[in-house]
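The structure under discussion appears below in the form of structure tokens.
We name chains A, B, ... by the order of the sequence lines, and we start the count at 1 in each one.
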Amino acid sequence: MPEILEVEAARHVVEDHALGRSIAGVDAPDAWYLKRGLTPAAVRSALPERRFVAARRRGKLLLLDTDRRRRAGTRAPTDAGLGPTLALHLGMSGRVVVDGTAAGDPLVYASNRAETTWHRFTVHFADGGALILSDPRRLGAVELDPDEDRLGIDALAVTTPDLRALLARRRGPIKAVLLDQHGIAGLGNLLVDEILWRASLDPNRPAISLDPPEQGRLGRVLRTTLGVLGRRGGSHTGDLMVARVPGGHCPRDGAPLRRETVGGRTTYWCPAHQR
DNA sequence: GATGACCTGTGA
DNA sequence: TCACAGGTCATC
């Protein structure tokens, strides 16, 4: 499931394989997939003859900056300023594939008929390759020049002071606060459960109720968890993951895990050590 | 701040 | 056949 770690891996694939290549065309077969007023015609006219010059990320949003158009054989720009920024959101089942290579997938992408129908958005390069956003469940999105500030501080950059400030002004459950992309951007359901389990904090605790030592602990655990799971290969590699099933037991102390809805999402946590 | 809708593949 | 998963947005 694409949370910040998967999007960062996708960003890396784009950075390593898609920058600097001339864009020849765009396939946007699913107009519903284009958000905030973007139309297939608009995106088809915006991208060709440009190149991606940077692959950024804010939270779970992948941001691909383009350059200005240039006349063939000259260095003179034909329009002012930089080009638009293409924003890709992977939703819950999206994958970015460049020339058949997807993040975390050493195998060549076997494009069969079923998978082709999941191609919601494709950028064709002049050299014949392509960047594809494949998404079976259609909950991802493509937009142009997004409002990046609708997202909070990136989870990979958040500091303990940032976290203290955020927790201090929220009365809702800690879990809901960590999931809210306006505050901290990038954490999803699995990562938040793993972080709170490692930090020994009850997900239902009002954020405002954490004392300074607990805030500090949460900050440290947040950073180390993202580091460890990133190295292991993603959001699904947490220690809690194996036990995250109905009837599961805490990998730390063996107590039965509780399963309930917190912050609107299915939550697994250990009442024995998360307090 | 909480809830349901959005969409569709998977697994019981 | 149906509950469920996931992230986000509109609405209560």
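Summarising the geometry, the separation between CD1 on A/I4 and C1' on C/dG7 is reported as 14 Å, rounded to the nearest angstrom. Atom CD in A/E3 sits roughly 10 Å away from atom P in C/dT8 (whole-Å rounding). Atom C1' of nucleotide B/dG1 and atom CG of A/L167 are separated by 16 Å, given to the nearest angstrom. Atom-to-atom, CG of A/L133 to P of C/dG7 comes out at 16 Å; the value is rounded to the nearest Å. Distance CG (A/L62) to P (C/dG7): 16 Å, rounded to an integer number of Å. We find that CZ of A/R150 is positioned 11 Å from C1' of C/dC9, with the value rounded to whole Å. For the pair A/K175 NZ and C/dG7 P, the interatomic distance rounds to 9 Å; values are reported in whole Å. In this structure, OH of A/Y33 is placed 13 Å from C1' of C/dT8, rounded to the nearest angstrom.
Remark: A/D180 engages A/R170 in a salt bridge, criterion side-chain N to carboxylate O under 4.0 Å. One finds a salt bridge joining A/D239 and A/R232 here, because a Lys/Arg side-chain nitrogen approaches an Asp/Glu carboxylate oxygen to under 4.0 Å. Under a 4.0 Å N-O distance rule, the pair A/D127/A/R21 qualifies as a salt bridge. With salt bridges taken as basic N to acidic carboxylate O contacts below 4.0 Å, none links A/K60 and A/E3. Look at A/E143 and A/R36 and you find a salt bridge, because one of the NZ, NE, NH1 or NH2 atoms lies within 4.0 Å of a carboxylate O, short of that distance. Using a cut-off of 4.0 Å between Lys/Arg side-chain N and Asp/Glu carboxylate O, A/D30 and A/R138 are scored as salt-bridged. Between A/D149 and A/R58 there is a salt bridge, since at least one side-chain N of the basic residue sits less than 4.0 Å from a carboxylate O of the acidic one. No salt bridge links A/E194 with A/R244; every basic N to acidic carboxylate O contact stays at or beyond 4.0 Å.
Residue contacts for A/L179: at a heavy-atom cut-off of 4.0 Å it reaches no nucleic acid atom on any strand shown.
Contact annotation: A/Q181 side-chain N/O to C/dG7 OP1/OP2 distance is not under 4.0 Å. Within the 4.0 Å cut-off from OP1 or OP2 of C/dT8, not a single side-chain nitrogen or oxygen of A/K35 is found. Between A/H89 and C/dG7, a side-chain N or O to OP1/OP2 separation shorter than 4.0 Å is absent. Between A/R36 and C/dC9 there is a side-chain N or O to OP1 or OP2 distance below 4.0 Å. Within the structure, a side-chain polar atom (N or O) of A/T266 is placed less than 4.0 Å from OP1 or OP2 of C/dA5.
Checking A/H119 against A/D27 by side-chain atom types alone, no donor-acceptor pair falls below 3.5 Å.
Set against C/dC9, C/dG7, C/dA5, the side chain of A/R259 has C/dA5 as its closest nucleotide.
Both A/R265 and A/R169 lie near DNA chain B, and the one whose nearest nucleotide falls closer to the 5' end is A/R169.
No donor-acceptor contact under 3.5 Å links the side chain of A/R170 to the base of B/dG1.
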- prompt: Could you run down nucleotides 6-12 of chain B 5' to 3' and tag each one B, S or - for protein heavy-atom contact under 4.0 Å?
  reply: BBBB---
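Sorted by residue number, the list of members of residues 235-242 of chain A with any non-hydrogen atom under 4.0 Å from DNA chain B is empty.
Remark: A/R223 pairs with A/T160, A/R220 by the side chain to side chain contact (heavy atoms under 4.5 Å, CB included) rule, at least two apart or across chains.
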